[in-house]
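Below is one structure; the comments refer to it alone.
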Amino acid sequence: MASWFDQKYMEVFDGTLNGLGHRRATDPAFSIGDAENQLAHLYVLDGNDWLGRGLLGDLISEATIAAYELFIEEWRTEKGGNDACRD
């Protein structure tokens, strides 16, 4: 039996990944570069924890970042597998 922590992580991770996939499928202007820029913003937000997010906030941040990283990596692999392949 998975803990609430694991369940919430997977809920956020899967929801983020599904949302990114939907955006890619429906928004022709959405590019790998757009996803990378959003990921860079998420990294900044993750580092700006001066108010203290708490355990749940940290979990949401980690799951969201992990989903973006996987999405971008899979998209790059699909397009040829190199970092030079940026839209």
Side-chain angles (χ1 to χ4, degrees):
M1 173 109 180
S3 70
W4 73 267
F5 188 87
D6 295 332
Q7 290 174 342
K8 185 64 176 178
Y9 183 96
M10 290 311 300
E11 176 186 317
V12 172
F13 180 87
D14 290 341
T16 301
L17 204 53
N18 289 336
L20 287 166
H22 177 73
R23 182 164 180 206
R24 181 179 176 199
T26 61
D27 181 358
F30 184 58
S31 68
I32 292 174
D34 293 330
E36 290 172 329
N37 289 337
Q38 291 170 350
L39 177 59
H41 178 72
L42 290 169
Y43 286 143
V44 170
L45 290 177
D46 189 53
N48 290 340
D49 187 22
W50 62 276
L51 291 176
R53 281 184 294 269
L55 182 62
L56 183 58
D58 288 343
L59 176 143
I60 291 169
S61 181
E62 291 170 18
T64 303
I65 287 171
Y68 266 85
E69 290 172 339
L70 178 63
F71 178 80
I72 291 166
E73 184 60 32
E74 287 179 347
W75 197 351
R76 282 185 185 151
T77 299
E78 179 184 310
K79 292 183 68 82
N82 64 40
D83 288 340
C85 181
R86 295 179 190 236
D87 290 354

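A pairwise comparison of heavy atoms in Asp46 and Ser61 identifies OD1-OG, 2.8 Å as the closest pair. Among all heavy-atom pairs drawn from Phe13 and Ala63, the shortest one is CD1-O, 3.6 Å. Of all heavy-atom pairs spanning Asp34 and Ala29, the tightest one is OD2-O, 3.2 Å.
The distance from atom CG of Leu17 to atom CD of Glu69, rounded to the nearest 0.5 Å, is 12.0 Å. For the atom pair CD1 (Ile65) and CD (Gln38), the distance works out to 12.5 Å, reported to the nearest 0.5 Å. With rounding to the nearest 0.5 angstrom, the CD1 atom of Ile60 is 12.0 Å from the OH atom of Tyr9.
When side chains are defined from C-beta on, Leu20 does not count as touching Trp75, because their heavy atoms never get closer than 4.5 Å. Within the 4.5 Å cutoff, no side-chain heavy atoms of Val12 are placed close to those of Glu62. Side-chain contact between Phe71 and Leu39 is absent, with no heavy atoms from C-beta onward closer than 4.5 Å.
Remark: Tyr68 engages no residue in a ring pair (Phe, Tyr, Trp, His ring centres under 6.0 Å) (not counting sequence neighbours).
Among residue pairs with one or both ends in residues 11-31, those qualifying as salt bridge (Lys or Arg N to Asp or Glu O under 4.0 Å) are Lys8-Glu11, Arg23-Asp27, Arg24-Glu78; sequence neighbours excluded.
A donor-acceptor contact shorter than 3.5 Å links the side chain of Thr77 to the backbone of Glu73.
When hydrophobic clusters are built by joining Ile, Leu, Val, Met, Phe, Trp and Tyr residues whose side-chain heavy atoms come closer than 4.5 Å, directly or via intermediates, Leu59 is grouped together with Leu55.
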